Number of protein chains: 2
Amino acid sequence: MLVERAAEMLARREPVTLRALVAGTGASTMAVYTHFDGMPGLWRAVRQEGFTRLARRLDEVETTDDPVRDLAALGAAYLTHALADPALYRVMFDAAADLDDPDEAARSFGHLVAAADRARRAYRFRDDADPAAVATRYWAAGHGLVMLVLTGVLPFEALTAHAPAMACAEFVAAGDDPRRSAESVRSGWAGVELERPVGSDSRRPGDV
Amino acid sequence: MLVERAAEMLARREPVTLRALVAGTGASTMAVYTHFDGMPGLWRAVRQEGFTRLARRLDEVETTDDPVRDLAALGAAYLTHALADPALYRVMFDAAADLDDPDEAARSFGHLVAAADRARRAYRFRDDADPAAVATRYWAAGHGLVMLVLTGVLPFEALTAHAPAMACAEFVAAGDDPRRSAESVRSGWAGVELERPVGSDSRRPGDV
DNA sequence: ACCCTATCCATAGCAGCGCCATGTATCGTT
DNA sequence: AACGATACATGGCGCTGCTATGGATAGGGT
C-alpha cells in the first residue's frame, strides 16, 4: 500500500515525492490521483495512518484499578508512539485537523478522558474536575514536550526528565494527592523505556 | 528587507516562493543566494526574525515583586506573540534548533529561568525546584497548547480556558501555594486579551 | 588617471516537483 | 460475447529552487 510505503520513506528520512513514492511499486504516478486525489490526499491518508497506529497503541494499554496510573501509562504509550516514528508524528500534527476520519483521533483522546473520569469517580481528582479539560491539558503538555524534543530544541533526555513531572503537575492540579500521584506515575511508567530516535531531525520548511 | 517581506507574506498566508519573494522588490532571485545562501538560509533568517520579535516582546514585560505573576505575564506575552503571526510561529519551531544566533532564543528562555529563580528565592517555589526545569516545563506546556490551537486541533477558546490552569499546575508543582498561584496568574494575565488569528490555519505538508 | 580586483546582481536555463489530459488495458456486469 | 466502468501508463505543462555565466559598479594601489 502506498500509505505504508510513504510512512516507511518518512521513517527512513527519504524525501517523499510523488515519483519516488511510486517508483519500484510498478505503479505510476496516476495511482496517487485515482486513490488519494493527489498528494494532499495522500498526506491526509498518512496522517490518518499515524492516528490509527496511535489508537492501536493506546488500545493495548491495560486498564487497572489505579486510573492515575493508567493516565501515566497512556502518556508513556503516547510518547513511545511519537518516538517510534518522529517524522510521522510531525506529519500527523502538521494539519491534524484535516483527517479522513476524525473519530479515530477522538477515540484516542477518549482514552484519556475516560481515565480522567475514572480518576474523578475514584475520588483521586476533584469532583468538579472536568475530565475533558484534564485530558486536554495533559495532552497539550505532552505534545509540547515531545515536539520540542523532536525538533531538536530540547535534548532527548528532556523527555524522561520532564514528562513524569509534568504529568504529576496536571494530576495534582486536578485534585490528586502529590505523593499518591507520584507513585501512580512511577507505576504507569514502569517498564517503559523510551528509545532515542535514530537520527536528529533537522527538517527545513519545504522539506517533507 | 527580504526577511520582513517573507514574514509579511507568511502573515498574509501567501506561498513564500523565491520568485514571488523578490518580485516587486527590484531585486532578482540571486539576491537570496548572495545574502542568505539560498532558501534554507532565508528560512533560517525568518526563524531568527521570529525569535527576535519574541525576545522584544518578552523584554517589555515588566518585572514586579511577584515573580509568579511575572511568569504568568511572560507566558501571556508568549501566547500573544504566537497569535500575532501564527504562520511565523510555526516556521520558528519547524526547525528551531537551526538558527543563526541561538543565543537570542536562549535569552528569551532566560527570562523564564530568571523569573523562576526569583520565585524560588522569594520562597514561592521549593528550594530544590530547579529554575531551568520549571521554565522548560512551563514553556513546553504552553508550546503544546498553542501549537494544538494553531493547527486547528483545539479551538481558539482553548487558550484562555487552559493556559492559566496549566501555568498554575506547573507553579504549584514547583512549590507555590495553589491559592496564591491562582491569584498571581490572574494578575499576570490581567489586561491581556488574546486575539483570534484572522483565519484558521489549514496548511498541508509541502506548503510553506 | 588608470587599471585591477572584488562584490553584487540580472539573465537564462537546468533538473526536479505536483499535476493532469489523453489513450489504453483490465475487470465485472448483463 | 459485448458493453460500461474503472484503473493505469505515457507525455507534457507550469511551477519550484538553484546556479553558470557575464555585466555593472565601486574601491584602492600605483
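The model shown is predicted, which means the values in this text are computed figures rather than measured ones. By convention in this document, chain letters (A, B, ...) are assigned in the order of the sequence lines, proteins followed by strands, and residues within each chain are numbered from 1.
Ring geometry for B:Phe93 against B:Tyr78 counts as tilted: the plane angle lies between 30° and 60°, on a 0 to 90° scale. Classification of the A:His81-A:Tyr89 ring pair by plane angle, with boundaries at 30° and 60°, yields perpendicular.
For A:Tyr33, a side-chain nitrogen or oxygen approaches OP1 or OP2 of C:dC19 to under 4.0 Å. An OP1 or OP2 oxygen of C:dC9 is reached within less than 4.0 angstrom by a side-chain nitrogen or oxygen of B:His35. For D:dA7, the OP1/OP2 oxygens have no side-chain nitrogen or oxygen of A:Thr34 closer than 4.0 Å. Of the side-chain N and O atoms in B:Ser28, none sit less than 4.0 angstrom from OP1 or OP2 of C:dC9.
Comparing D:dT16, D:dC18, D:dT10 by their nearest atom to the side chain of B:Pro40 picks out D:dC18.
Atom CZ in B:Phe36 sits about 18 Å away from atom C1' in D:dT19, given to the nearest Å. A:Met30 places its CE atom 9 Å from the P atom of C:dA21, with the value rounded to the nearest Å. Atom CG in B:Leu21 sits about 15 Å away from atom C1' in D:dC18, given to the nearest Å. Here the C1' atom of nucleotide C:dC17 and the CG atom of B:Leu18 are 15 Å apart, to the nearest Å. Across the protein-nucleic acid pair, B:Arg44 atom CZ and D:dG17 atom P stand 16 Å apart, rounded to whole Å. Atom C1' of nucleotide C:dC9 and atom CG of B:Asp37 are separated by 16 Å, given to the nearest angstrom. At whole-Å resolution of the value, CH2 in B:Trp43 and C1' in D:dT16 are 13 Å apart.
In this structure, A:Arg120 pairs ionically with A:Asp117, as a charged nitrogen and a carboxylate oxygen lie closer than 4.0 Å. Looking at B:Glu60 and B:Arg56, no side-chain N of the basic residue comes within less than 4.0 Å of a carboxylate O on the acidic one, giving no salt bridge.
Backbone-only contact: B:Met39 has heavy atoms under 4.0 Å from sugar-phosphate atoms and none from a base.
Interface remark: the A:Arg19 side chain does not form any donor-acceptor pair with the C:dG16 base, using a distance-only criterion of under 3.5 Å.
B:Asp59 and B:His111 share a side-chain donor-acceptor pair at under 3.5 Å.
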